[in-house]
Amino acid sequence: MDMLLALAISIAVLIAGWTWAALGPAGLPVWAGIIAWGAFFAAGGKASGLQKTLAANLAGVFWAFVALWVSARLGGGVPVISALVGIIAFAMVLQAKLPLLSFIPGAFLGAATTVSVVVGANGTYVKTILALIAGAILGYLSELAASKIAKPAT
């Protein structure tokens, strides 16, 4: 079987398990894990993609926390939030000078996911972090499983 079919099978099996666990016993936002899963592949996969995804997603969580915390202290409102989003976006791009944080989309995905979970779904930062970590690891595991079940092309 080719690698793409093997990857489709491994993702299908793992994502079904993730959805069950996230929506059931773990009580985590399933979409947050799926976002990190996709980010893993967008970061290039393998161990380096896992490292970059985890670092960038978690940096995004941090920056979202900073923006929400500062906004609450400044009274919120559209002008305050708008300015803070601009400042935070600047920081998320600039942090890419550090090799581990060079996956800029991962930071934006982590921040947006955090805001959607914490503000939009009345979730928590801890649940967001756990789901992002789980999704990135599941991305890595799905790639690893696919490489084990795929047969080399002849």
Side-chain angles (χ1 to χ4, degrees), residues 4 7-8 10-146:
L4 191 58
L7 188 59
S10 69
I11 289 174
V13 170
L14 288 172
I15 208 164
W18 162 249
T19 301
W20 176 84
L23 294 177
L28 297 172
V30 68
W31 74 90
I34 293 170
I35 287 169
W37 204 319
F40 163 78
F41 285 102
K46 312 218 180 314
S48 66
L50 177 61
Q51 292 171 344
K52 286 182 178 185
T53 298
L54 287 170
N57 282 177
L58 296 178
V61 172
F62 168 78
W63 290 118
F65 169 80
V66 169
L68 293 171
W69 186 83
V70 171
S71 174
R73 268 118 199 102
L74 296 178
V78 174
V80 170
I81 295 287
S82 299
L84 288 170
V85 169
I87 293 166
I88 295 307
F90 177 84
M92 288 192 299
V93 172
L94 206 53
Q95 76 183 7
K97 288 183 175 253
L98 301 171
L100 191 58
L101 297 173
S102 63
F103 182 45
I104 294 170
F108 280 85
L109 290 167
T113 300
T114 301
V115 173
S116 74
V117 171
V118 173
V119 175
N122 290 325
T124 67
Y125 290 100
V126 171
K127 286 185 175 192
T128 305
I129 291 166
L130 291 174
L132 289 170
I133 291 170
I137 291 171
L138 285 165
Y140 179 79
L141 292 175
S142 63
E143 182 182 63
L144 184 64

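Just so it is clear, the structure is predicted and the values come from calculations on it, not from any experiment. Count residues from 1 along the sequence.
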Trainee: Would you say the side chain of T114 lies within less than 4.5 Å of the side chain of F62, judging by non-hydrogen atoms?
Mentor: no
Trainee: Spell out, as yes or no, whether a donor-acceptor pair under 3.5 Å connects the side chain of T53 to the backbone of L50.
Mentor: no
Trainee: Quick check for you: to the nearest 0.5 Å, what is the distance between F40 atom CZ and E143 atom CD?
Mentor: 4.0 Å
Trainee: How long is the straight-line distance from CG of N57 back to NZ of K52, given to the nearest 0.5 Å?
Mentor: 13.5 Å
Trainee: With rounding to the nearest 0.5 Å, note down the distance linking CD1 in I137 to CG in L132.
Mentor: 11.0 Å
Trainee: State, to 0.1 Å, how close F103 and A56 come at their nearest heavy-atom pair, and which atoms those are.
Mentor: O-CB, 3.4 Å
Trainee: Are F65 and T128 side-chain neighbours, meaning at least one heavy-atom pair lies under 4.5 Å?
Mentor: no
Trainee: Closer than 3.5 angstrom, by distance alone: can the side chain of S71 be matched with the main-chain N or O of L68 as a donor-acceptor pair?
Mentor: no
Trainee: In the structure I gave you, are the side-chain heavy atoms of I129 and L58 within less than 4.5 Å of one another anywhere?
Mentor: yes
Trainee: Atom CD of Q95 and atom CD1 of I88: how far apart are they, to the nearest 0.5 Å?
Mentor: 10.0 Å
Trainee: Please check if atom OH in Y140 has more than 12 non-hydrogen atoms from other residues, nucleotides or ligands closer than 6.0 Å.
Mentor: no
Trainee: So, do W18 and L28 sit near enough that their side-chain heavy atoms are less than 4.5 Å apart?
Mentor: yes
Trainee: To the nearest 0.5 angstrom, please state how far the CG atom of L84 sits from the CG atom of L74.
Mentor: 6.5 Å
Trainee: Determine yes or no for a side-chain-to-main-chain donor-acceptor pair under 3.5 angstrom, with S142 supplying the side chain and G139 the backbone.
Mentor: yes
Trainee: Nearest 0.5 Å, what's the CE-CG distance between M92 and L101?
Mentor: 11.5 Å
Trainee: Answer yes or no: is there a donor N or O on one side and an acceptor on the other, between the side chain of Q51 and the main chain of L100, under 3.5 Å?
Mentor: no
